[in-house]
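In what follows, a structure is listed as structure tokens, so that the remarks can point back to it.
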Amino acid sequence: MEPEVTHFGGCHCGAVRFQVVAPAVLKVVICNCSICHMKQNKHFIVPKSKFTLCKGEDQLTTYTFNTHVAKHTFCRICGIQSFYTPRSNPDGVGITPHCLDSGTVKREDIESFDGQNWEMAMKERKDLVNRSKTD
């Protein structure tokens with residue numbers, strides 16, 4: 001298991017800032033569901049206990065659809081989604097690695113998720129639901 005570091009990040013305009021404790025080598029998921037495909041969303045998942053919103057709660061707005069489990073949170077000023085609540089891990093946080101400040105990520109290990117066939121993919125990827133659980 002990779003040692004964890006503290007990463008800092010936020011949106012484009014700087015109104016939203018956060019910190020997250022996660023490995024320096026990130027397990028990044030690329031999903032092909034309708035919204036992730038259109039946003040070109042890639043993310044890694046952490047337990048909520050490892051995420052701290054430092055600034056900008058009042059600048060966040062949320063989009064939700066379909067099952068309304070996923071909460072697509074974004075900055076109301078610049079429109080950037082730097083984190084969100086994923087449907088696969090509603091008790092966790094999905095962090096977009098391209099919104100992290102440079103210097104703490106050693107590497108991104110990319111994996112695909114077939115969000116177009118979400119229910120079937122979740123049966124095949126039982127490991128994904130555990131990413132929001134603490135060790």
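Ring centers of F8 and F18: at least 6.0 Å apart, outside the cut-off.
Of the possible donor and acceptor atoms, one in the side chain of H7 sits under 3.5 Å from a partner among the backbone N and O of P23. Judged purely by atom type and a 3.5 angstrom limit, R17 uses its side chain to pair as donor or acceptor with the backbone of G9. Under a 3.5 Å cut-off, the side chain of T96 and the backbone N or O of Q81 do form a donor-acceptor pair. One N or O on the side chain of K55 and one on the backbone of G14 form a donor-acceptor pair closer than 3.5 Å.
I95 is not connected to V5 by any chain of hydrophobic side-chain contacts under 4.5 Å among Ile, Leu, Val, Met, Phe, Trp and Tyr, and they are in different clusters. Both V46 and V28 belong to a single network of hydrophobic side chains, linked directly or stepwise wherever heavy atoms of I, L, V, M, F, W or Y lie under 4.5 Å apart. F74 and L53 fall into different hydrophobic clusters, where Ile, Leu, Val, Met, Phe, Trp and Tyr are joined by side-chain heavy atoms under 4.5 Å apart, directly or via other members.
Remark: D91 does not engage R131 in a salt bridge, criterion side-chain N to carboxylate O under 4.0 Å. E108 has no carboxylate O lying under 4.0 Å from a charged side-chain N of K27, or vice versa, which leaves the two without a salt bridge.
Here the shortest heavy-atom pairing between L60 and C75 reads CD2-N, 4.3 Å. C99 and I80 get closest at one heavy-atom pair: SG-CG2, 3.7 Å. Across all their heavy atoms, S88 and P90 have their closest contact at C-CD, 3.6 Å.
To the nearest 0.5 Å, atom OG of residue S112 and atom CG of residue N32 are 8.0 Å apart. The OG atom of S82 lies 12.5 Å from the NE2 atom of H12; values are rounded to the nearest 0.5 Å. Rounding to the nearest 0.5 Å gives a distance of 4.5 Å between CD1 of I30 and CD1 of I110. Rounded to the nearest 0.5 angstrom, L26 CG and F44 CZ are separated by 4.5 Å. The distance from atom OG of S34 to atom CZ of F65, rounded to the nearest 0.5 Å, is 4.0 Å. Annotation: the span from R76 atom CZ to C11 atom SG amounts to 12.0 Å, rounded to 0.5 Å.
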I would like to know whether T64 and H72 meet side chain to side chain contact (heavy atoms under 4.5 Å, CB included); could you show each step before the answer? CA-CA 6 Å; T64 185; H72 301 276; 5.6 Å; no
Between I45 and H43, is a side chain to side chain contact (heavy atoms under 4.5 Å, CB included) present by the stated rule, with each step listed? CA-CA 7 Å; I45 299 168; H43 61 277; 3.8 Å; yes
Would I77 and V16 count as a side chain to side chain contact (heavy atoms under 4.5 Å, CB included) if you check the C-alpha gap in whole Å, the side-chain angles of each, and the deciding distance to 0.1 Å? CA-CA 10 Å; I77 298 169; V16 175; over 6 Å; no
What verdict does the side chain to side chain contact (heavy atoms under 4.5 Å, CB included) test give for V93 and V20, after you've listed the backbone C-alpha separation in whole Å, the side-chain angles of each residue and the deciding distance to 0.1 Å? CA-CA 10 Å; V93 182; V20 61; over 6 Å; no
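In this structure, K71 fails the cation-pi test against Y63, since its NZ or CZ atom is not both closer than 6.0 Å to the six-membered ring centre and inside 45 degrees of the ring normal.
Ring pair F51/F83 is tilted by interplanar angle, where 30° to 60° counts as tilted.
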